[in-house]
J.: 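To start, I am sharing the structure in question, which I have written as structure tokens.
Side chains are part of it too, since the values below use all heavy atoms of this structure and drop only hydrogens, waters and symmetry mates. In this text, all values refer to a predicted model and were calculated from it rather than measured experimentally. Residue numbers start from 1 in every chain, and the chains themselves are labelled A, B, ... in the order their sequence lines are given, proteins ahead of strands.
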2 protein chains.
Amino acid sequence: MTTLSDVAKKANVSKMTVSRVINHPQQVTPELRKIVEKAMEQLNYHPNSVASALAHNRTNVVKLVILEDIDTTEPYYMNLLFGIAKGLSKKHYAIQLATGRDVGGGDGYIITGGRATDAEWLDQLDKPFVLFGENRFGYDFIDTDNKLGEQLATQYALNKNYQSIIFIGIDEKEPFEYSREAGYINTLQKHNMIPKIFRIQNHSSLAEKLIISNWKKFAPNTCFICASDRIAVGVVRAIQRKNGNIPRDFGVIGFDGVFLDQVSNPKLTTVKQNLFKLGELLAAMILQKIKQDGAQQGEVLIEPELRKNESTRN
Amino acid sequence: MTTLSDVAKKANVSKMTVSRVINHPQQVTPELRKIVEKAMEQLNYHPNSVASALAHNRTNVVKLVILEDIDTTEPYYMNLLFGIAKGLSKKHYAIQLATGRDVGGGDGYIITGGRATDAEWLDQLDKPFVLFGENRFGYDFIDTDNKLGEQLATQYALNKNYQSIIFIGIDEKEPFEYSREAGYINTLQKHNMIPKIFRIQNHSSLAEKLIISNWKKFAPNTCFICASDRIAVGVVRAIQRKNGNIPRDFGVIGFDGVFLDQVSNPKLTTVKQNLFKLGELLAAMILQKIKQDGAQQGEVLIEPELRKNESTRN
DNA sequence: GTTTTATATGTTACCGGTATCAAAAAAAGA
DNA sequence: TCTTTTTTTGATACCGGTAACATATAAAAC
């Protein structure tokens, strides 16, 4: 491996000048810079990030802390993780995973699955962190625009002329759920329709049961806006068991667009979160925050995309 | 942060002695060792792995290289990844992900989704690597015991008195598939039954089509041994559409036991891979190989578990 | 009891960068 | 032209460990 010193020798300058060309180019005269850059090029120099990390008292590691139960959310995280990984490795950072609250090590944290009850734990963390997922405590976060997502879904159901539009939510008192419901409610009210919301835990079998046991309440020409693809899959199964026609008499729209929507039959119309991009942004945000010694980064909402498929008309 | 020097000072020894207590304890007399250990304890000393990495010309990073298309395998990897992450962080290693063949950086690679055609690429890698997944080229690997898995599945179907036992495989000429088929074939032949194998790409909708278009060939009292849960899900849907009774007249057994088996209805009987454990072992193996400067590590097969559920009798 | 050998600990230099300050060169002001 | 100020570059020490060699001490051999 070629080192700073090798480059310095080749360019007839000191190590510091080379280091400056890399990290503070404006502090070096253009002529010297050229020479040094050529030397780097010729020697195919790549900085040793470990040495740099040591000098900066860093680890070059970001911890991904997953607070919620992983079994219930598995496929969801892959794309997020890939995005994070990509974003981090651009800056020569690597990931460590933590599933519990026992963190330590690493230069900062990306935290997912945080609930309102985690606030006090978050407050006592001594490293910078950013959250994946809305929160109302002022912590920096990035999330899908949940409200917009369900607005798109609800509006689409209206456009497709479903008469009755029902929301099947996740039974959790968390911002993401409130936002999704708000998107649904707002859109209906804009059309002077009355919202109708059911809430269950996020399992397909519970959704299936719910729909079946309330089947008589659902006349044909109904569209179900579901707060997750899991729920949507359950709803689809229930409708099929009751011999309802999808998408003619019943529409189903999911939320997430991760894996399940494709495995389902009919394939789900769903609000697709761009989790890869979210991951990249999370990585960028935590790196920025580390560099800026913990400075506030704010909140970012990413537009989801309504992915039209076989579980709605047309 | 307390450093080696702090501990050394407190214990009235040199840095090297402290370093030895940590890395080569047998080179230090028990009395001194005690003193140093007490000092470390009192100062709550934790070695700085970055400094160590620099001294060893290491990065303390292992790359996870995923060669296959991630979209088709998503949920599958989460547990593997968690296992790997856990195994690595025990030794203060972190992960970087790579999805293509353009690797570089890191002390070694864990490679998944490798196919026979990747052999030449693997041969030109200049860092130690281990594979997740059987191969016949002599590369170190860890995998589920695929053959045993389908032996268990087939035997279970026999025990449940299904008369006809059919294998729906994945249409790939790869060792994992051959092993799964071998497990099925062996078990049937032991009972003087004739194997019957279909092969398709690993998609639920293709499985569904396959079963439906061959429906008349399948008399009641048939069990389908599927090479993946994806396929199993498609088979289940097909049977349901044909109004076949699961599990009374038709049994379905999947393979993987990751996520899909639980989301399905009925929940799938499946051969569950212990991917978390596989991941931990992969981590341990690559770390060992790095430490031993690339020495051969051999092959490891992990016993899967037949998870009995609603898609088979009883 | 002296020499040889083995064992235990310390000294030094180095891994590959970076911050800090000092020195030199260039630009500005008198 | 000679200071004074500003900009550019270099020398040094340090980040926190470790390997290799040197030295001191204890055990073994003669």
Side-chain angles (χ1 to χ4, degrees), chain A residues 1-40 43-61 91-94 105-107 290-291 293, chain B residues 1-40 43-61 91-94 104-107 290-293:
Chain A
M1 264 292 113
T2 68
T3 71
L4 258 196
S5 306
D6 298 332
V7 177
K9 214 168 288 171
K10 176 127 191 162
N12 276 314
V13 295
S14 72
K15 282 166 59 173
M16 269 320 293
T17 304
V18 181
S19 175
R20 285 194 185 101
V21 170
I22 296 166
N23 302 305
H24 315 284
Q26 76 292 355
Q27 293 182 11
V28 165
T29 46
E31 307 89 67
L32 253 193
R33 200 155 68 208
K34 281 271 160 50
I35 298 174
V36 171
E37 276 163 353
K38 206 175 68 187
M40 295 198 301
L43 296 174
N44 188 32
Y45 170 71
H46 291 283
N48 180 328
S49 55
V50 176
S52 172
L54 177 59
H56 283 125
N57 246 306
R58 292 267 165 73
T59 62
N60 278 16
V61 168
K91 293 273 168 31
H92 303 285
Y93 262 71
D107 298 335
I290 290 169
K291 199 208 272 184
D293 211 31
Chain B
M1 263 295 110
T2 69
T3 72
L4 258 196
S5 306
D6 298 332
V7 177
K9 215 168 290 170
K10 174 126 191 162
N12 277 311
V13 296
S14 73
K15 282 165 59 173
M16 268 319 293
T17 303
V18 181
S19 174
R20 285 192 185 104
V21 168
I22 295 165
N23 301 305
H24 315 281
Q26 76 293 354
Q27 292 180 14
V28 168
T29 47
E31 306 89 68
L32 252 193
R33 201 154 69 207
K34 281 270 160 56
I35 297 173
V36 171
E37 277 163 354
K38 206 174 70 186
M40 295 198 300
L43 296 174
N44 188 30
Y45 171 72
H46 291 282
N48 180 327
S49 55
V50 175
S52 171
L54 176 60
H56 284 127
N57 248 304
R58 293 264 166 75
T59 63
N60 277 15
V61 168
K91 293 271 166 34
H92 303 284
Y93 262 71
D107 299 334
I290 289 168
K291 199 207 272 185
Q292 297 177 358
D293 212 32

J.: Is the shortest side-chain N/O distance from A:H56 to OP1 or OP2 of C:dA19 below 4.0 Å?
T.: yes

J.: Rounded to whole angstrom units, what separation is found between the CG atom of B:L54 and the P atom of C:dA13?
T.: 18 Å

J.: State the NZ-CZ distance between B:K15 and B:R20, to the nearest 0.5 angstrom.
T.: 12.5 Å

J.: What is the nucleic acid contact for B:V28, judged by heavy atoms within less than 4.0 Å: base, sugar-phosphate only, or nothing?
T.: sugar-phosphate

J.: Looking at residues at least two apart in the chain, or sitting in another chain, which of them share a side chain to side chain contact (heavy atoms under 4.5 Å, CB included) with B:H46?
T.: B:N44

J.: Mind calculating the distance between CG (A:N48) and C1' (C:dT18) to the nearest angstrom?
T.: 13 Å

J.: Under the rule for side chain to side chain contact (heavy atoms under 4.5 Å, CB included), what residues qualify as partners of A:S49, not counting sequence neighbours?
T.: A:N60, A:H92

J.: Listed in order of residue number, which residues of residues 5-19 of chain B have a non-hydrogen atom at under 4.0 Å from DNA chain D?
T.: B:K15, B:M16, B:S19

J.: Could you tell me which residues satisfy side chain to side chain contact (heavy atoms under 4.5 Å, CB included) with B:A11, sequence neighbours excluded, listed by chain and number?
T.: B:V13, B:I35, B:V36, B:A39

J.: Taking any atom closer than 4.0 angstrom to a non-hydrogen atom of chain B, what span of DNA chain D does the protein reach, first nucleotide to last?
T.: D:dG16 to D:dA20

J.: Could you work out, with side chain to side chain donor-acceptor pair (under 3.5 Å) as the rule, every residue matching A:D293, not counting sequence neighbours?
T.: none

J.: If you fit an axis to the five pairs at each end of the helix from C:dG1-D:dC30 to C:dA30-D:dT1, how big is the angle between those two axes, to 10 degrees?
T.: 50°

J.: From NE2 of A:H46 over to C1' of C:dG17, roughly how many Å is that when rounded to an integer?
T.: 16 Å

J.: Anything under 3.5 Å between a donor and an acceptor, one on a side chain of residues 23-32 of chain A, the other on a protein residue two or more places apart or in another chain? List them.
T.:
from  : atom 1 : to    : atom 2 : distance (Å)
A:N23 : ND2    : A:S19 : O      : 3.3

J.: Can you find a side chain N or O atom of B:T29 that sits less than 4.0 Å from OP1 or OP2 on C:dT7?
T.: no

J.: Check side chain to side chain donor-acceptor pair (under 3.5 Å) between B:D107 and all other residues, then give those that pass, not counting sequence neighbours.
T.: B:T59, B:Y93

J.: With B:D6, which residues qualify under side chain to side chain contact (heavy atoms under 4.5 Å, CB included), at least two apart?
T.: B:T2, B:T3, B:L43

J.: List for me each residue that meets side chain to side chain donor-acceptor pair (under 3.5 Å) alongside B:S5, sequence neighbours excluded, and say none if there are none.
T.: none

J.: Can you tell me the distance, in whole Å, between the NE2 atom of B:H24 and the P atom of C:dT9?
T.: 15 Å

J.: Could you report the tightest heavy-atom contact between A:V21 and A:R33, atom names first, then the distance?
T.: CG1-CG, 4.0 Å

J.: So, taking the atom named CG in B:N48 and the one named CG in B:L4, what distance separates them when rounded to the nearest 0.5 Å?
T.: 9.5 Å

